[in-house]
Amino acid sequence: MALLPILCYPDPRLHKVAKPVQAVDARVRALTEDMLATMYDANGIGLAATQVDVHERVIVIDVSEERNQPLVLINPELLWRSDDRQIGDEGCLSVPGIYDSVERAQAVRVRALDAAGNSREIEAEGLLAVCIQHEMDHLMGKVFVEYLSPLKRGRIKTKMLKQQKEQRQQAQHA
């Protein structure tokens, strides 16, 4: 397993729309393993392939307290979303250190392939439902900050670009 570099907002590659996976093969299974290792290492609860610059419809999630219930969703499709909404603070491994309120459906049902290539349907609510919607947005090229006001989004973009510049300067002097 390898740790993959995570793209940071406002990297334009985060806005690419992911293509469907053609076959769940050894390459895709290795990708899901690497994505899970990367997500756990970064202390996240979800990661979309888009965030590691692989533009295929692959998501990994683990919202368990023990971090031992990985969920792999390949070619996920949203079948249903509840009319009930919830507003909660969201963060993102591609927007480190930034959290803000986003409104999402309280429950969802998705169909996807698992790491073995088997089709399954999952009904989720609460944190898992939010995480699924957040990661599916990534597959469509959407980052959660796009739900925020243009003013907030602009401030976040400026802050992220400043952090990235500082990190590059530190790397050059190391």
Side-chain angles (χ1 to χ4, degrees), residues 1-64 67-79 81 90-100 102 104 108-122 124 127-148 153 156-157 160-161 163-165 167-168 171:
M1 282 184 282
L3 294 180
L4 305 169
I6 298 172
L7 299 178
C8 282
Y9 182 80
D11 192 307
R13 294 171 290 181
L14 288 168
H15 300 295
K16 285 187 179 178
V17 175
K19 305 260 186 284
V21 170
Q22 296 305 314
V24 180
D25 54 17
R27 180 191 64 81
V28 172
R29 282 190 288 280
L31 173 64
T32 65
E33 292 295 321
D34 291 348
M35 286 173 61
L36 283 164
T38 302
M39 177 189 74
Y40 289 133
D41 183 70
N43 208 22
I45 60 170
L47 186 67
T50 303
Q51 294 175 270
V52 294
D53 202 19
V54 175
H55 302 283
E56 294 181 85
R57 295 184 59 77
V58 178
I59 293 170
V60 296
I61 293 173
D62 189 344
V63 296
S64 68
R67 316 292 285 141
N68 63 357
Q69 296 174 29
L71 180 62
V72 172
L73 302 176
I74 299 168
N75 295 338
E77 50 184 311
L78 191 62
L79 301 175
R81 107 181 65 206
E90 287 188 27
C92 180
L93 295 177
S94 291
V95 195
I98 304 292
Y99 300 87
D100 215 315
V102 176
R104 302 272 188 190
V108 295
R109 184 181 319 115
V110 293
R111 179 185 306 126
L113 301 175
D114 62 18
N118 300 315
S119 181
R120 58 190 289 197
E121 281 190 22
I122 297 167
L127 180 59
L128 181 56
V130 168
C131 193
I132 288 171
Q133 292 170 84
H134 176 109
E135 300 309 332
M136 286 184 73
D137 276 354
H138 277 300
L139 299 181
M140 298 307 298
K142 188 168 186 175
V143 181
F144 90 98
V145 297
E146 292 170 54
Y147 288 101
L148 308 178
R153 205 168 41 247
I156 291 168
K157 184 176 183 178
M160 297 303 298
L161 289 170
Q163 282 177 0
Q164 290 164 24
K165 182 180 177 187
Q167 288 168 349
R168 280 193 302 275

What is the minimum heavy-atom distance between [X] and [Y], and which atoms define it?
X: Tyr99; Y: Gly91; result: CD2-CA, 3.5 Å
X: Ile74; Y: Val28; result: CD1-CG1, 3.8 Å
X: Ala42; Y: Leu93; result: O-CD2, 3.6 Å
X: Cys131; Y: Gly46; result: SG-CA, 4.0 Å
X: Arg104; Y: Phe144; result: NH2-CB, 4.3 Å
X: Gln164; Y: Tyr9; result: NE2-O, 2.8 Å

What distance do [X] atom [atom1] and [Y] atom [atom2] have between them, rounded to the nearest 0.5 Å?
X: Gln69; Y: Leu71; atom1: CD; atom2: CG; value: 9.5 Å
X: Leu3; Y: Met35; atom1: CG; atom2: CE; value: 13.0 Å
X: Arg81; Y: Met136; atom1: CZ; atom2: CE; value: 8.5 Å
X: Lys16; Y: His138; atom1: NZ; atom2: NE2; value: 15.5 Å
X: Thr32; Y: Met1; atom1: OG1; atom2: CE; value: 10.0 Å
X: Asp11; Y: Thr50; atom1: CG; atom2: OG1; value: 11.5 Å

Handout entry: Arg153 CZ: over 12 foreign heavy atoms closer than 6.0 Å
Key =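 Buried by this count: over 12 neighbours within 6.0 Å.
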Do the non-hydrogen side-chain atoms of [X] and [Y] ever get within less than 4.5 Å of each other?
X: Met160; Y: Gln163; result: yes
X: Ile156; Y: Val95; result: yes
X: Asn118; Y: Leu113; result: no
X: Ile45; Y: Arg67; result: yes
X: Val108; Y: Leu78; result: yes
X: Leu128; Y: Ile61; result: yes

Under the 3.5 angstrom rule, does the side chain of [X] hit a backbone N or O of [Y] as a donor-acceptor pair?
X: Asn75; Y: Pro20; value: no
X: Arg109; Y: Glu121; value: no
X: Arg111; Y: Leu79; value: no

Problem - Polar side chain donor-acceptor pair, Asp137 to Tyr147, under 3.5 angstrom - result: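 Result is yes, a qualifying pair exists.
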Under 3.5 Å donor-acceptor pairs involving side-chain atoms of residues 51-58, not counting sequence neighbours:
from: Gln51; atom 1: OE1; to: Ala48; atom 2: N; distance (Å): 2.9
from: Gln51; atom 1: NE2; to: Ser94; atom 2: OG; distance (Å): 3.1
from: Asp53; atom 1: OD1; to: His55; atom 2: NE2; distance (Å): 2.8
from: Asp53; atom 1: OD2; to: Arg13; atom 2: NH1; distance (Å): 3.1
from: Glu56; atom 1: OE1; to: Arg27; atom 2: NH2; distance (Å): 3.0
from: Glu56; atom 1: OE2; to: Arg27; atom 2: NH1; distance (Å): 2.9
from: Glu56; atom 1: OE2; to: Arg27; atom 2: NH2; distance (Å): 3.4
from: Arg57; atom 1: NH2; to: Pro76; atom 2: O; distance (Å): 2.6

Exercise for the section: Sort out for me which residue in Leu73, Leu36, Leu31 forms a side-chain contact (heavy atoms from CB on, under 4.5 Å) with Val60. Expected result: Leu36
Problem - Under the side chain to side chain donor-acceptor pair (under 3.5 Å) test, residues paired with Glu146 that sit two or more places apart - result: His15
Handout entry: Residue list, side chain to side chain donor-acceptor pair (under 3.5 Å) with Asp34, at least two apart or on another chain
Key =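 By the side chain to side chain donor-acceptor pair (under 3.5 Å) rule, Asp34 matches no residue at all.
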Practice task
Apply side chain to side chain contact (heavy atoms under 4.5 Å, CB included) to the pair Thr38 and Ile6, showing each step before the final yes or no.
Solution key: CA-CA 8 Å; Thr38 302; Ile6 298 172; 3.8 Å; yes
Problem - Check against side chain to side chain contact (heavy atoms under 4.5 Å, CB included), Val24 and Arg29 - result: CA-CA 7 Å; Val24 180; Arg29 282 190 288 280; 3.8 Å; yes
Practice task
Step by step, work out the side chain to side chain contact (heavy atoms under 4.5 Å, CB included) result for Ile59 and Val72.
Solution key: CA-CA 6 Å; Ile59 293 170; Val72 172; over 6 Å; no
